[in-house]
Amino acid sequence: MAGPLLADTSRVVGTVLRQVADELPEVAGDPRVREVLATTVGDMVTAALTVLGAGAPVDGVRAPDAALELARRLAQQGVPISTMLRAYRIGQACFQQELIALIAGTPADGAQVAAAARDLASVTFSVIDAVSEEVVAAYQSERDSWMRQRNTARLATVTALLSTRSVDAGDVGSTLGYDLAGAHVGAVLWCGADVDEVERLGRLERVVPEVAAALGCTRPPLVVAPDASTLWAWFPDAAAPPDAVTDVLAGTPGTYAALGDPVEGLAGFRRSHQQAQQTQQIAAAADPAHRARTTTSAQLGPLALLAADPGSAAPWVQSALGGLADDDDDAARLRETLWAYLSRGGSLAAAATELHLHKNTIMYRIRKAEQVRGRPLSEGRIDVEVALLACRLLGTTVLRAAPGPPGSG
């Protein structure tokens with residue numbers, strides 16, 4: 001049955017090509033890509049018919065040159081790899097339908113038809129399976145290369161933009177495909193050490209559209225990768241509060257974000273990025289078990305001054321808090337009470353409401369905290385507030401290790 005089709009494959013090729021083009025216009029819309037697609041379909045049909053007609057071994061089937069070129073073209077155009085593979089499945093189904101119609105029209109008994117149908121299904125699956133591995137590898141290699149080149153060019157432009165004051169924002173914005181005139185939220189996204197290095201950028205790139213949606217962006221963000229574990233991003237016209245990002249990152253293990261304030265224009269583009277970098281330096285210094293998924297510049301307050309050397313905060317925090325800087329449950333409970341009290345303007349009632357405690361309990365804990373600290377809150381009250389903020393953001397990084405039980409040393 002394959003013999004007559006091998007002599008003239010044009011009808012089958014035309015049918016398969018039309019089916020793929022109808023269902024996946026993004027694959028066949030570009031005339032140059034459609035030409036490569038047509039050659040790929042022809043080569044694949046010929047390969048399958050050769051195996052069916054001559055009994056050639058399936059393990060000898062290799063991806064045609066046109067199929068590899070098609071994979072590279074689709075990668076360059078940003079067509080998802082899942083779409084490319086769907087094109088092969090559509091082509092496989094259409095090819096099988098054509099041959100099943102041919103089988104049904106032959107003078108053969110039921111057993112022969114069933115056997116032919118089984119052979120057809122087995123061969124077409126094996127051919128597509130063998131070719132898929134090669135085209136996926138070609139696609140991924142081209143996509144990685146293209147993305148590296150694209151990222152290198154964009155990163156160079158962004159770096160120049162961040163460091164140069166005399167620049168035509170309109171020209172640069174056109175080059176980047178990003179409007180520099182609007183409001184921006186600069187962000188640094190990164191992965192923790194628990195994520196395999198080869199997976200980090202891919203994981204971060206996948207989460208960016210979700211972050212943009214969570215922030216309510218109506219236009220695509222600008223994204224560049226300064227290294228293999230980090231993304232710089234600018235989210236335009238972000239309308240939602242940054243807390244929305246935390247839920248997104250919670251669904252992607254090992255990912256974190258530092259966000260600047262929303263600021264307008266070219267100056268805002270630079271300023272928000274600078275804030276995000278400072279925030280990331282502080283957030284990354286926190287112990288991993290305590291590190292927040294999302295940290296904003298607004299949360300840092302005076303801690304932004306520590307961005308150049310977050311580790312230098314520990315001795316100062318321990319000096320400001322005395323025994324309250326111990327890493328144990330009792331000190332943690334007193335720190336929590338003090339923070340609720342001081343951050344609400346010294347209101348016992350507000351602190352009691354937040355912590356669901358009686359005002360007398362709040363007062364008792366404050367007096368206890370003063371005893372543990374070794375001096376009253378009135379001495380260096382501002383230092384206490386800043387030190388408590390450092391404890392909240394950095395956790396055990398700035399705390400004093402609790403002493404072991406007697407005799408443990």
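Reckoned from all heavy atoms, side chains included, excluding hydrogens, waters and symmetry mates. Here the structure is a predicted model, which means the values were calculated and not measured.
Between Arg73 and Arg32 the shortest side-chain heavy-atom distance falls below 4.5 Å. Counting heavy atoms from C-beta outward, Leu189 and Thr230 have side chains that stay 4.5 Å or more apart.
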For residues 85-93, run the donor-acceptor check on the side chains, cut-off 3.5 Å, and write out each pair with its distance to 0.1 Å, sequence neighbours left out.
| residue | atom | partner | partner atom | Å |
| --- | --- | --- | --- | --- |
| Arg86 | NH2 | Glu23 | OE1 | 3.4 |
| Gln92 | NE2 | Gln96 | OE1 | 3.1 |

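A cation-pi geometry, defined here as NZ or CZ lying under 6.0 Å from the six-membered ring centre and within 45° of its normal, holds between Arg291 and Tyr256.
Within a 6.0 Å sphere centred on CG of Asp329, heavy atoms belonging to other residues, nucleotides or ligands number 12 at most. Other residues, nucleotides and ligands contribute over 12 non-hydrogen atoms within 6.0 Å of the CG atom of Asp129. Residue-environment remark: CZ (Arg381) exceeds the threshold of 12 foreign heavy atoms within 6.0 Å. Atom CD of Glu26 is surrounded by more than 12 heavy atoms from other residues, nucleotides or ligands within 6.0 Å.
In this structure, a donor-acceptor pair under 3.5 Å is present between the side chains of Gln274 and Arg271. Thr46 and Asp43 share no side-chain donor-acceptor pair at under 3.5 Å. Side-chain N/O atoms of Arg293 and Thr246 include no donor and acceptor closer than 3.5 Å.
With rounding to the nearest 0.5 angstrom, the OG atom of Ser132 is 9.5 Å from the CD1 atom of Ile81. Atom CZ of residue Arg203 and atom CH2 of residue Trp190 lie 15.0 Å apart, to the nearest 0.5 angstrom.
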message = Before you tell me yes or no, could you show the steps for Asp327 and Arg400 under salt bridge (Lys or Arg N to Asp or Glu O under 4.0 Å), namely the whole-Å CA-CA distance, both residues' side-chain angles and the distance that decides it to 0.1 Å?
response = CA-CA 6 Å; Asp327 186 14; Arg400 184 187 300 109; over 6 Å; no
